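Reading through the structure tokens given below for one structure.
Every value quoted in this text rests on a predicted model; they were computed, and no experiment measured them. The first residue of the sequence shown is numbered 1, and numbering continues consecutively from there. One-based numbering, in listed order, for ligands and for the atoms of each.
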Amino acid sequence: MNTAEVKKIWDEIKQELKNVVPESTYGPWISPLEAVSFDGNQFTLISGESFGVEYLKRTQYKNILDSFRKYFNREIIVNIEFNKEFAEKIKKEKQKIQKKLQKEQHMEEEHKKSIENLSYVQSMNINLRYRFDNFVADKNNRIAKASAQKVAENPTAMYNPLYIQGASGLGKTHLMQAIGHYVTMKGNLKVQCIKTEDFINDYVNSTRFEPNKNTTYAMNKFRNKYRNVDILLIDDIQFIENKKKCIDELFNTFDSLYNANKQIVLTSDKLPKDLPEIPKRLRTRFEQGLVVEIQPPEFETRVKILENLANEKGIENIPREVFEYIAKYYKDNVRELEGAFTKVNAFSDIEEIPITLDYAKKVLKCEENAEKPNIDKITEAVANYFNLTVDEINSTSRVQNISNARSIVCYIAREKLQNSFESIANSLNKRHQTVMYASEKIKKLIKTDKNLQNDISSICKSLNL
Ligand code: ADP
Ligand code: MG
């Protein structure tokens with residue numbers, strides 16, 4: 001008889017035993033017994049407790065034999081044996097259960113802690129979605145991420161201030177908030193995270209005269225909020241340009257924190273040197289720590305960001321080609337990249353159509369909306385292709401290869417972009433007639449000149465035309 005059958009018989013007999021044996025004996029001693037063999041005469045049960053074997057034999061053997069007899073309708077020899085391996089197995093299982101329980105308990109404590117932190121975190125404007133673990137890094141943002149992590153782990157030790165620069169939608173706020181999040185979760189440092197506009201409003205409100213208002217008190221309150229912290233995070237500092245009074249206040253805040261060895265983190269879409277309206281004394285302070293730049297993420301990173309987003313939202317079974325399609329067209333701004341996916345997902349929800357590549361194409365129409373290159377891009381591509389400079393093409397030179405290249409620019413702008421001769425002429429600073437003649441000349445030549453055909457098709461390909 002195979003083991004499964006043996007076990008099945010034992011399960012049934014156990015049910016019977018449950019009715020006759022007291023629960024205090026059944027639970028700890030009979031229930032864990034395991035049936036291992038039955039040869040027709042002898043039924044063998046094993047136990048992981050030698051004491052249990054002795055105890056059962058002494059107190060319950062008769063009940064056990066009776067229930068076997070009842071089941072088989074004849075006498076059966078029942079062996080109850082202690083088995084060392086079985087004992088080990090039970091021991092391991094017990095340990096596993098214990099560990100699981102401990103882990104659950106730990107998780108519950110952690111959860112409690114994080115909820116306790118939550119209200120605290122909210123008062124500091126920290127968005128819990130922005131963390132280091134969900135910031136996807138590649139060569140274009142790795143330094144920014146690494147330095148933000150260093151600052152979070154060890155504030156003021158190295159880079160003060162940390163100045164994160166990058167175009168819109170590339171993750172500056174995400175990294176800055178991740179610092180705040182990390183530090184807050186560790187729990188012992190005071191963080192203040194603020195958008196520059198809010199800093200400005202806060203300042204203006206504190207200084208504005210109102211009847212019955214104690215301005216000194218309001219100002220002290222303002223200063224206390226920004227200076228009595230261990231880490232001050234200020235987002236989009238470029239907005240402080242032209243706000244002279246605020247700049248002075250920020251300058252003082254900066255010095256006060258810096259001298260007290262407190263950490264400052266700033267983000268901006270411009271480098272300090274490109275903020276001419278901010279006085280030099282403040283700009284040099286921005287530069288005195290570490291300035292890191294974020295460039296747009298690479299294709300694979302964009303795909304990964306979308307995959308993570310889908311995961312985070314619990315959206316399953318999206319074909320990878322959908323992510324690749326979106327990532328192909330949304331290159332410069334992660335916010336827009338995420339927005340495109342969110343749009344496809346929302347449409348699919350509403351229309352109850354599963355997300356496929358064709359569906360994503362239908363919703364986003366990226367191909368149609370893809371920005372067509374302008375004449376400057378064409379000039380650049382033609383110059384690159386013929387090893388010329390843009391200035392040479394835009395010049396009045398009549399040297400043949402330059403003049404040919406110029407004609408090709410006119411031709412592509414006319415035929416592929418359907419630009420008017422007028423507008424091409426304006427862009428190239430040439431006469432309408434000249435542009436028309438150049439374009440027509442290439443149009444004729446291309447019919448017979450294979451090399452010219454190849455040149456133009458390569459240039460167009462590089463422009464996605
Ligand atoms: P910025 O402040 O530079 O304008 P944000 O930090 O607001 O940009 O980022 C815009 C959106 O893109 C956010 O949802 C952010 O989480 C996401 N994001 C940007 N870069 C990354 C990245 N490398 N990995 C994951 N998400 C990113
Ligand atoms: Mg931002």
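- Of the N or O atoms in Gly169, one or more lie within a sub-3.5 Å distance of an N or O in ligand 1.
- Listed by chain and number, the protein atoms of type N/O/S under 2.8 Å from the Mg ion (ligand 2) are Thr173 OG1; waters are omitted.
- With respect to the salt-bridge test (charged N to carboxylate O, under 4.0 angstrom), the residues Glu153 and Lys186 do not qualify.
- The contact set between ligand 1 and Gly171, taken as ligand atoms under 4.0 Å from a residue heavy atom, comprises 1 (P), 3 (O), 5 (P), 6 (O), 8 (O), 9 (O), 19 (C), 20 (N).
- You'll find the side chain of Leu257 stays beyond 4.5 Å of the side chain of Asp255, heavy atoms only.
- The closest protein non-hydrogen atom to atom 25 (C) of ligand 1 is Asn134 O, 3.2 Å.
- In this structure, atom 11 (C) of ligand 1 lies nearest to the protein heavy atom Glu338 OE1, 3.6 Å.
- Nearest protein heavy-atom neighbour of atom 6 (O) of ligand 1: His174 N, 2.8 Å.
- Nearest protein heavy-atom contact of atom 12 (O) of ligand 1 is Val334 CG1, 3.2 Å.
- At least one N/O-N/O distance between Val136 and ligand 1 falls below 3.5 Å.
- Close contacts of ligand 1 with Asn141, meaning ligand atoms under 4.0 Å from a residue heavy atom, involve 23 (N).
- A salt bridge links Arg281 with Asp248: the closest approach of a Lys/Arg side-chain nitrogen to an acidic carboxylate oxygen falls below 4.0 angstrom.
- Taking every non-hydrogen atom of Ile305 and a distance limit under 4.0 Å, the qualifying atoms of ligand 1 come out as 21 (C), 22 (C), 23 (N), 24 (N), 25 (C).
- Atoms of ligand 1 lying under 4.0 Å from at least one heavy atom of Arg129, given by number and element, are 14 (O), 16 (O).
- In terms of protein heavy-atom proximity, atom 7 (O) of ligand 1 is nearest to Arg335 NH2, 3.0 Å.
- With respect to atom 21 (C) of ligand 1, the closest heavy atom belonging to the protein is Phe135 CE1, 3.7 Å.
- Between the CZ atom of Phe347 and the CD1 atom of Ile353 there is a distance of 11.0 Å, given to the nearest 0.5 Å.
- Atoms of ligand 1 lying under 4.0 Å from any heavy atom of Ser168, numbered from 1 in the order shown and given with element: 4 (O).
- Taking the six-membered ring where tryptophan is involved, the planes of Tyr130 and His174 are tilted, since the angle between them lies from 30° to 60°.
- Ion pair Lys331/Glu298 not flagged as a salt bridge, since none of the NZ, NE, NH1 or NH2 atoms sits closer than 4.0 Å to an Asp/Glu carboxylate oxygen.
- Although no hydrogens or angles enter the test, the distance criterion places no donor-acceptor pair under 3.5 Å between the side chain of Ser427 and the main chain of Ile375.
- Using a 4.0 Å cut-off between a side-chain N of Lys or Arg and a carboxylate O of Asp or Glu, Arg320 and Glu324 qualify as a salt bridge.
- Counting non-hydrogen atoms of other residues, nucleotides and ligands closer than 6.0 Å to NZ of Lys430 gives a total above 12.
- Atom NZ in Lys262 sits 9.5 Å away from atom CD1 in Ile231 (nearest 0.5 Å).
- Side-chain atoms of Leu465 and Pro373, non-hydrogen and from C-beta on, do get closer than 4.5 Å to each other.
- Using a cut-off of 4.0 Å between Lys/Arg side-chain N and Asp/Glu carboxylate O, Arg208 and Glu210 are scored as salt-bridged.
- For the pair Glu440 and Arg414, the salt-bridge criterion is not met [side-chain N within less than 4.0 Å of a carboxylate O].
- If you check each of Thr173, Asp138, Leu306 against atom 2 (O) of ligand 1, the one with the closest non-hydrogen atom is Thr173.
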